[in-house]
Amino acid sequence: MNDDVLAIETRGISKTYGAGHTEVVALCDASVAIPRGRTVALLGPSGAGKSTFLMAVGLINPPTTGQIAIGGVPVLDGPVALVNLRRFRRKHIGYVFQKSNLIPFLSARENVQVALELNGAPARQARRRAMELLDELGVAPRAENTPAMLSGGEQQRVAIARALANRPSVILADEPTAALDSHRGRQVMELFRDVAHRHGAAAIVVTHDHRTLEVFDAIYQMEDGTITGGLALPTDAYSSP
Amino acid sequence: MNLAVKDIQHNLGRFALTVLGIGMLLMIVMGMGGIYRGLVEDATLLLERIGGDLWVVQRDTRGPFAEISRVPRTLAHRLLAVPGVQSAREFVFHTIQRQHEGRPLRMSVLGLSWPQDKGQWLPLVAGRPLAQNHFELIADKTLGLRLHERIQLGKETYTVVGVTSGMASTAGDGMIFVTVWDAQVIQFDAPGEAIRLERAAREHRSRTEDIFLHQPLLAEQLARPTADLPAAASPELSAVVVRIAPGANQEKVASTIASWSDVSVFTKAGQGELLLKGMVDKSRRQLGMFRTLLTIIAAVVMSLILYTLTLDKLHSIALLKLIGAPNRTILGMILQQAIVLGAVGYGIAYLVGQKVFPHFPRRVVLTNEDLLRLAIIVLGISVISSVLGIWKAMRAAPNDALMG
């Protein structure tokens with residue numbers, strides 16, 4: 001992907017569930033344009049549509065209408081996929097969700113390694129890279145433990161390592177620090193920012209943790225399925241909520 | 001990284017129990033096939049071992065293995081006079097059940113045509129063939145009789161001089177081999193009281209019927225032992241086994257014998273076919289149907305197990321899809337587990353079967369051909385039974401990973 005193109009661009013995406021009198025509009029005309037190397041926070045109350053937006057941008061749950069382009073490549077036109085979504089996710093998108101979502105029958109290392117191997121990395125190389133990431137996130141000593149043997153925070157760090165494994169151009173995180181203490185939470189946010197800056201990736205992080213907002217390059221606000229805040233510097237976000 | 005193996009390792013205990021259950025089920029399927037083979041072998045073994053070319057039996061009967069056949073002892077001599085007949089051996093075959101050492105002992109008695117046949121053709125695992133024409137027997141090891149053990153049959157005591165292996169009747173009863181004379185003595189043994197009653201009846205007839213009153217000498221004859229009575233028929237044979245002389249035309253010999261109105265003739269193949277199509281066929285079909293049902297049950301059980309295993313992994317499968325795993329990775333994981341389940345189950349069935357089958361009351365014969373066929377069937381079942389799990393896995397959506 002070229003450096004001068006937007007990492008994430010959405011144009012008027014909407015998501016509607018149900019029809020007629022049961023119709024629920026979860027996302028309404030949401031448009032964003034996030035350059036490479038930027039880390040963006042997505043704020044908003046529960047039910048505002050943050051997760052729906054993240055799932056649409058993450059190519060997990062396509063929008064009802066609107067277009068999404070990743071790294072300048074049009075990937076979705078409404079619900080219509082323009083590329084192989086699974087392959088695109090594997091190569092370009094890293095996910096971290098509120099629940100750690102690790103594979104229970106794999107160890108911490110294998111959970112990271114599997115993402116690399118699925119992307120074509122040789123086993124030995126994938127193993128080394130997995131260990132590097134776990135070390136970077138401070139969970140290397142627990143590399144051979146299965147998720148059930150890890151604390152919530154450790155699980156979340158393993159999930160973050162997996163999200164970063166393939167050096168994605170887009171990192172999507174839904175309240176990734178909810179299970180972490182403030183110190184670890186801040187570390188993780190800084191890690192997202194560093195990865196985004198170093199690798200020219202864009203990160204969208206849904207968070208309620210206002211203590212870490214200064215880490216972000218910009219903040220979006222959502223309410224009732226609509227992005228209301230627009231791209232703004234963190235200081236602006238605080239001064240005009 | 002092999003996800004199938006990782007999942008199995010993670011749930012090793014449960015997988016081991018599951019595979020053990022499948023293995024036991026497959027062992028029963030395997031055993032059914034082995035019992036069928038044993039049935040066929042038992043049925044044809046005697047025919048093969050005795051090695052006659054023609055079986056001459058009572059007219060309109062199907063021979064001693066299928067039903068009661070009685071032919072006179074003189075038949076053997078008549079047959080020897082037919083051109084092309086090299087030898088004619090008397091054959092007596094019947095099944096008895098006696099108490100021995102406090103337990104019922106069921107055995108098939110086969111009379112050997114002494115002195116031509118001393119049982120040299122029997123597969124002896126201990127001892128020797130018969131060396132005298134009375135009171136010796138050769139027993140199959142399934143009867144549990146030991147070498148030199150003495151056993152009471154009727155009024156006589158017989159000594160076990162030889163032990164064979166794998167000699168059982170079509171009913172699965174172990175066989176004993178004695179001379180034809182002894183076989184008939186065992187067959188027609190009557191208790192003393194029965195003989196006394198029969199003699200008293202004869203005496204009563206001699207006093208009441210006119211013929212004896214007019215001819216007292218006849219009445220004297222009636223007082224003699226049954227075996228000495230000229231009017232009483234001597235014990236009969238079950239069949240006569242004929243061997244054709246080298247170069248003689250078997251069909252011609254058979255046709256000559258068949259023209260006699262008191263006997264029927266079967267070739268060895270014909271007798272074998274009668275055995276297989278008669279009494280063995282029903283058991284064979286019964287076993288075949290049972291085996292088919294068990295195979296279907298095994299397939300259903302394996303399907304359900306694989307479906308359940310897939311359901312347990314549905315979240316992981318959705319997660320794998322979320323991080324971009326292609327369908328072939330997920331399909332491969334389920335398919336590999338199905339094949340491992342089938343293959344290990346088959347291995348357990350084989351290994352446990354090897355230990356268990358010899359203790360079955362009937363012979364279980366596992367042929368390489370049957371084992372290979374079952375292996376292919378198990379492979380097929382494994383693949384087919386994974387379809388339900390694969391179908392469920394393919395329906396899992398990536399966003400399912402984010403729910404619950």
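Here is how names work: the chains are called A, B, and so on, in the same order as the sequence lines, proteins then strands, and each is numbered from 1.
Looking only at heavy-atom pairs under 4.5 Å with chain B, the residue among A:Ser51, A:Ala123, A:Pro104, A:Gly94 that has the most is A:Pro104. The candidate with the highest count of non-hydrogen atom pairs below 4.5 Å against chain B, out of A:Ile93, A:Asn84, A:Ile60, is A:Ile60.
Within a 6.0 Å sphere centred on CZ of A:Arg11, other residues, nucleotides and ligands contribute 12 heavy atoms or fewer. Residue B:Met289 places its CE atom among 12 or fewer non-hydrogen atoms of other residues, nucleotides or ligands, all under 6.0 Å distant. Enclosure of atom CZ in B:Arg103 by more than 12 non-hydrogen atoms of other residues, nucleotides or ligands within 6.0 angstrom is indicated. In the displayed structure, B:Gln286 atom CD is contacted under 6.0 Å by at most 12 heavy atoms of other residues, nucleotides or ligands.
Smallest separation of non-hydrogen atoms from A:Phe97 and B:Leu322: CE1-CD2, 3.7 Å. The minimum heavy-atom distance linking B:Ser316 with A:Ile103 is given by the pair OG-CG2, 3.9 Å. A:Asn101 and B:Leu319 get closest at one heavy-atom pair: O-CD2, 2.6 Å. When all heavy atoms of B:Met1 and A:Glu110 are compared, the closest pair comes out as CE-O, 3.5 Å.
Between B:Pro398 and A:Asn61 the shortest side-chain heavy-atom distance does not fall below 4.5 Å.
Looking at A:Arg86, its side chain does come within 3.5 Å of a backbone N or O of B:Ala325 through a donor-acceptor pair. In terms of modelled atom types and a separation under 3.5 Å, the side chain of A:Arg89 and the main chain of B:Lys321 share a donor-acceptor contact.
The CG atom of A:Asn166 lies 8.5 Å from the CD1 atom of B:Ile323; values are rounded to the nearest 0.5 Å. In this structure, the separation between CG on B:Asp312 and CZ on A:Phe105 is 11.0 Å, given to the nearest 0.5 Å.
Contacts of B:Asn11 with chain A are absent, with no heavy-atom separation under 4.5 Å from either backbone or side chain. Heavy atoms closer than 4.5 Å to chain A are found in both the backbone and the side chain of B:Leu3. Only the side chain of A:Thr146 comes within less than 4.5 Å of a heavy atom in chain B; its backbone stays farther off.
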